[in-house]
K.L.:
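What follows is a single structure, and I will ask about it in a moment.
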Amino acid sequence: MRSGKLVLAGLLVAAVAVTVPTAAGGSPAPRQPAAQPGRSAQQAAAPAEFAHPGVLVNKAQLDFVRGKVRAGEEPWKTAYDRMAASEYASLSRTPKPREIVECGSGSNPDHGCTEEREDAIAAYTQALAWYVTRDERHAKKAIELMDAWSATIKDHTNSNAPLQSGWAGGVWPRAAEIVKYTYPGGWSGSGRFATMLRDVYLPEVIEGAPGKNGNWELIMMAAAQGIAVHLEDRASYDKAMEIFDGRVPAYVYLKGDGGQPAYPPRSSIDTRTELVKYWHGQSSFAWDGLSQETCRDFGHTGWGIDALSHVAETSRIQGADRYPELKDRLRHALGFHTRIENGGDVPSTLCGGTVKKGFGATTEIAYNALHTRMGLDLTDTGTYTESRRPHGTDDHFIAWETLTHAENPS
C-alpha cells in the first residue's frame with residue numbers, strides 16, 4: 001500500500017509561486033496566484049462538525065428525490081426507473097473485488113479497473129434505491145459490495161492508478177454515507193471500509209496530479225474531499241480544498257484573468273510556450289469559459305467541469321457554499337461548451353476551427369445550483385441539460401445526476 005504518500009495530520013500545503021512570461025516573451029517572472037474572489041479563511045477550512053450523509057447529496061436532497069419518485073413526478077420518476085432497470089441496481093449482482101487493481105493509460109491493461117468502477121457505482125445505485133424504496137435488500141446489497149472490496153483490495157498500480165483511484169474513490173463514499181447514516185439495520189463492516197478509504201484510496205489522490213490534464217486533479221480532489229468527509233479527516237479536507245482552489249483558475253479561463261490562464265500549480269509549466277502546449281495548442285484566450293481541455297475533446301472537459309461541481313456541491317453540504325465565488329467560471333464553462341453542443345458555430349481561432357464534441361451527462365448538478373438555487377439564466381445549458389434527461393451514468397464516476405439533482409432546491 002502507498003500510505004507513505006499520505007500527508008501527516010495537520011500538514012497544510014505551502015503556497016506555490018507561479019510565473020508569467022515577460023511582455024517580450026523572454027524569461028518568465030514569478031508571481032503569486034491570484035486570490036479567489038470572495039474567499040475567506042473560514043471557507044478554506046473543514047467544517048467544525050461534518051454533516052452526514054454529506055457527499056454530493058444530503059438527507060434533504062434525498063427526501064426531495066424520494067417524494068418526487070413516489071409521487072410519480074417527472075423527470076425523477078423516469079430517472080429512477082432507468083436507474084432501477086440498470087445492471088447496477090440488480091439484486092443478483094456479484095461483486096468482483098481484486099487485491100491489486102492495475103490500470104494503464106486508457107485503462108490498458110484493465111486488471112480490475114472496470115470491475116472496481118462498476119462495483120462502486122453499483123453500491124451507490126443500491127444505496128439510492130434503498131433510500132427511495134426502503135427495500136432493505138438494496139441496502140444489504142450495497143453493504144455486500146462495499147464489504148467485498150474492503151476485505152480484498154490492497155493497492156492500485158500502473159500509470160492510471162491515481163485517476164482510477166479518483167474515479168472509484170469518489171463514488172464509494174457516496175454509497176457509504178447513505179448506508180451508514182440512513183440504514184437502521186446497521187453495517188458491521190463500516191470500520192474496515194473506512195480503513196480501505198484511508199489506506200488504499202486517499203494516498204493515491206491526496207497529492208493531486210500537477211502536470212496532468214486538469215480533469216485528473218479535479219476528479220482526484222472530489223474523491224479526496226468525499227473520503228475526508230466520510231473519515232471526518234479535517235487535514236485531508238483542507239489539503240484537497242487548497243489543491244482544488246489552485247487548479248480551478250488553471251482549468252477554466254475568464255477574460256478577467258488577463259491575457260492567459262493561470263499556470264497549473266505545483267507543475268513545471270511556467271512559460272507561455274509550455275502553457276499553449278498544455279492547452280492542447282490553443283493560443284488565443286478570447287472566451288470566458290474556455291477550458292484547458294476544450295481543444296482535446298469535450299468529453300474530458302465535461303469530466304473536469306462536473307468534478308468541479310461535485311466539490312462545490314459537497315462543500316455546500318458541509319456548510320461553506322462555494323457556488324457564489326465559482327459561479328462565473330462554472331456558468332461560462334457550461335455555456336461556452338453547451339452552446340457548441342447545441343449547434344453553435346466554432347470560431348476559426350478556437351482549436352483550429354474544429355472541436356470534438358461529446359460533453360456527456362455532466363451538467364445537471366451545476367445547472368441546478370446556478371439556475372434552480374441561484375436563479376441565473378443559463379439558456380444554452382438549460383437546453384442541453386433538459387433535452388438529454390434523464391442523465392444516467394458514464395460508468396466511471398458520474399451516476400444518476402438527474403435523479404439526485406434535477407430542480408432540487410434542498
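Bear in mind the structure is a predicted one, so any value in this text is a computation, not a measurement. Starting from 1, each residue takes its place in the sequence as its number.
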K.L.:
Hey, does Asn368 have a side-chain heavy atom less than 4.5 Å from the side chain of Thr385?
P.N.:
no
K.L.:
Find out whether Ser107 and Thr114 are in side-chain contact, i.e. whether some heavy atom of one side chain is under 4.5 Å from a heavy atom of the other.
P.N.:
no
K.L.:
Please assess Asp135 against Trp130 for the test side-chain hydrogen bond (donor to acceptor under 3.5 Å, both in side chains), listing each intermediate value before the final yes or no.
P.N.:
CA-CA 5 Å; Asp135 182 343; Trp130 141 253; over 6 Å; no
K.L.:
Got Met83 and Leu128 here, is their nearest side-chain heavy-atom distance under 4.5 Å?
P.N.:
yes
K.L.:
Charged N to carboxylate O under 4.0 angstrom, Arg322 versus Asp245?
P.N.:
yes
K.L.:
Compare every heavy atom of Thr402 with every heavy atom of Ala79, then report the nearest pair and how far apart it is.
P.N.:
CB-CG2, 4.1 Å
K.L.:
In plain terms, say whether Arg247 and Glu242 are close enough for a salt bridge, that is, a side-chain N and a carboxylate O under 4.0 Å apart.
P.N.:
no
K.L.:
Working to the nearest 0.5 angstrom, can you tell me the gap between Asp394 CG and Phe397 CZ?
P.N.:
6.0 Å
K.L.:
With side chains defined as the heavy atoms from C-beta onward, is the minimum distance between Leu163 and Trp167 less than 4.5 Å?
P.N.:
yes
K.L.:
For Tyr88, what residues pass the ring-ring contact (aromatic ring centres under 6.0 Å, His included) criterion, not counting sequence neighbours?
P.N.:
none
K.L.:
Answer yes or no: are there more than 12 heavy-atom neighbours, outside Lys140 itself, under 6.0 Å from its atom NZ?
P.N.:
no
K.L.:
Classify the side-chain pair Tyr131/Asp63 by whether it contains a donor and acceptor separated by less than 3.5 Å.
P.N.:
yes
K.L.:
Are His230 and Phe50 close enough that their ring centres sit under 6.0 Å apart?
P.N.:
no
K.L.:
Give me the one residue out of Glu116, His156, Glu204 that meets side chain to side chain donor-acceptor pair (under 3.5 Å) with Ser165.
P.N.:
His156
K.L.:
Is there a side-chain contact between Pro173 and Tyr201, using heavy atoms and a 4.5 Å cut-off?
P.N.:
no
K.L.:
Distance from Ile178 atom CD1 to Arg174 atom CZ, nearest 0.5 Å?
P.N.:
9.5 Å
K.L.:
For Gln225 and Val311, indicate whether the former's side chain and the latter's backbone hold a donor-acceptor pair under 3.5 Å.
P.N.:
yes
K.L.:
Please confirm whether the backbone N or O of Gly214 pairs with a side-chain atom of Gln292, one donor and one acceptor, at under 3.5 Å?
P.N.:
yes
K.L.:
To the nearest 0.5 angstrom, please state how far the OG atom of Ser309 sits from the CG atom of Leu330.
P.N.:
6.5 Å
K.L.:
Judged by atom type as modelled, is there a donor-acceptor pair below 3.5 Å linking the side chain of Thr314 to the main-chain atoms of Leu56?
P.N.:
yes
K.L.:
Heavy-atom distance under 4.5 Å between the side chains of Arg329 and Asp257, does that happen here?
P.N.:
yes
K.L.:
For the rings on His391 and Trp400, is their centre-to-centre separation under 6.0 Å?
P.N.:
no
K.L.:
Can you find a pair of side-chain heavy atoms, one from Glu118 and one from Arg93, that are under 4.5 Å apart?
P.N.:
yes
K.L.:
Can you tell me how far the NE2 atom of His405 sits from the CD atom of Glu313, to the nearest 0.5 Å?
P.N.:
4.0 Å
K.L.:
Around atom CZ of Arg70, are there more than 12 heavy atoms of other residues, nucleotides or ligands at under 6.0 Å?
P.N.:
no
K.L.:
Tell me if a side-chain donor or acceptor on Asn408 pairs with a main-chain N or O of Thr404 at a distance below 3.5 Å.
P.N.:
yes
K.L.:
Report the C-alpha separation of Glu274 and Ser268 in whole Å, then their side-chain angles, then the decisive distance to 0.1 Å, and conclude whether the side-chain hydrogen bond (donor to acceptor under 3.5 Å, both in side chains) test is met.
P.N.:
CA-CA 9 Å; Glu274 292 170 336; Ser268 61; 5.8 Å; no
K.L.:
What are the two closest heavy atoms between Ala89 and His138, and how far apart are they?
P.N.:
O-CE1, 3.7 Å
K.L.:
If we ignore hydrogens and angles and just use 3.5 Å, is the side chain of Ser291 paired with the main-chain N or O of Val252 as donor and acceptor?
P.N.:
no
K.L.:
Take the angle between the ring planes of His337 and Phe298 and call it parallel below 30°, perpendicular above 60°, tilted in between.
P.N.:
perpendicular
K.L.:
Check ring-ring contact (aromatic ring centres under 6.0 Å, His included) between Phe285 and all other residues, then give those that pass, not counting sequence neighbours.
P.N.:
Tyr253, Trp279
K.L.:
Can you tell me how far the CD atom of Glu293 sits from the CH2 atom of Trp216, to the nearest 0.5 Å?
P.N.:
11.0 Å
K.L.:
Between Arg389 and Glu364, is there a side-chain N and carboxylate O pair less than 4.0 Å apart?
P.N.:
yes
K.L.:
Test ring-ring contact (aromatic ring centres under 6.0 Å, His included) on Phe193 and Trp187; report intermediate values, then the result.
P.N.:
CA-CA 10 Å; Phe193 182 85; Trp187 176 19; 5.3 Å; yes
K.L.:
Could you check Tyr384 against Arg339 for side chain to side chain contact (heavy atoms under 4.5 Å, CB included), going step by step and ending with a plain yes or no?
P.N.:
CA-CA 8 Å; Tyr384 178 88; Arg339 181 190 64 79; over 6 Å; no
K.L.:
Salt bridge or not for Glu144 and Lys141, using N-O below 4.0 Å?
P.N.:
yes
K.L.:
Are Trp172 and Ile227 packed together at the side-chain level, in the sense that at least one heavy-atom pair is separated by less than 4.5 angstrom?
P.N.:
no
K.L.:
Applying side-chain hydrogen bond (donor to acceptor under 3.5 Å, both in side chains), run through Glu401 and His310 and close with a yes or a no.
P.N.:
CA-CA 11 Å; Glu401 294 182 358; His310 287 190; 2.8 Å; yes
K.L.:
Does the Glu177 side chain pair with the main chain of Gly54, one donor and one acceptor, at a distance under 3.5 Å?
P.N.:
yes
K.L.:
Please report the interatomic distance CG(Leu334) to OG1(Thr362), rounded to the nearest 0.5 Å.
P.N.:
7.5 Å
K.L.:
Ignoring hydrogens and angles, state whether a donor on the side chain of Glu102 or Asn158 is under 3.5 Å from an acceptor on the partner side chain.
P.N.:
yes
K.L.:
Considering non-hydrogen atoms only, spot the tightest contact between Gln260 and Leu275 and give its length.
P.N.:
NE2-CD2, 3.6 Å
K.L.:
Output all residues satisfying ring-ring contact (aromatic ring centres under 6.0 Å, His included) with Tyr367, sequence neighbours left out; order by chain, then residue number.
P.N.:
His371
K.L.:
Of the options Thr294, Asp297, Thr301, which is the one that meets Lys356 in a side chain to side chain contact (heavy atoms under 4.5 Å, CB included)?
P.N.:
Asp297
K.L.:
Would Arg373 and Arg316 satisfy side chain to side chain contact (heavy atoms under 4.5 Å, CB included), going step by step from the backbone distance to the final call?
P.N.:
CA-CA 12 Å; Arg373 295 198 198 111; Arg316 184 188 68 88; 3.0 Å; yes
K.L.:
With distance as the sole test, does Asp288 use its side chain to make a donor-acceptor pair with the main-chain N or O of Lys255 at under 3.5 Å?
P.N.:
yes
K.L.:
Please tell me whether Ser236 and Asp238 have a donor and an acceptor in their side chains that are separated by less than 3.5 angstrom.
P.N.:
no
K.L.:
For Tyr80, is the NZ or CZ atom of Arg82 found under 6.0 angstrom from the centre of its six-membered ring and inside 45 degrees of the ring axis?
P.N.:
no
K.L.:
Do Arg234 and Glu49 pass the salt bridge (charged side-chain N to carboxylate O under 4.0 Å, His left out) test, and can you show the C-alpha distance, the side-chain angles, and the key distance before you say yes or no?
P.N.:
CA-CA 10 Å; Arg234 288 174 175 78; Glu49 184 175 345; over 6 Å; no
K.L.:
Examine distances only and state if a side-chain atom of Asp306 and a backbone atom of Ile398 form a donor-acceptor pair shorter than 3.5 Å.
P.N.:
no
K.L.:
Quick one: closest heavy-atom pair of Pro264 and Ala250, and the distance?
P.N.:
CA-CB, 3.8 Å
K.L.:
Output yes when a side-chain donor or acceptor of Gln318 lies under 3.5 Å from a complementary backbone atom of Ala51, and no otherwise.
P.N.:
yes
K.L.:
If the plane angle is over 60° it's perpendicular, under 30° parallel, otherwise tilted; pick one for His396 and Trp303.
P.N.:
tilted
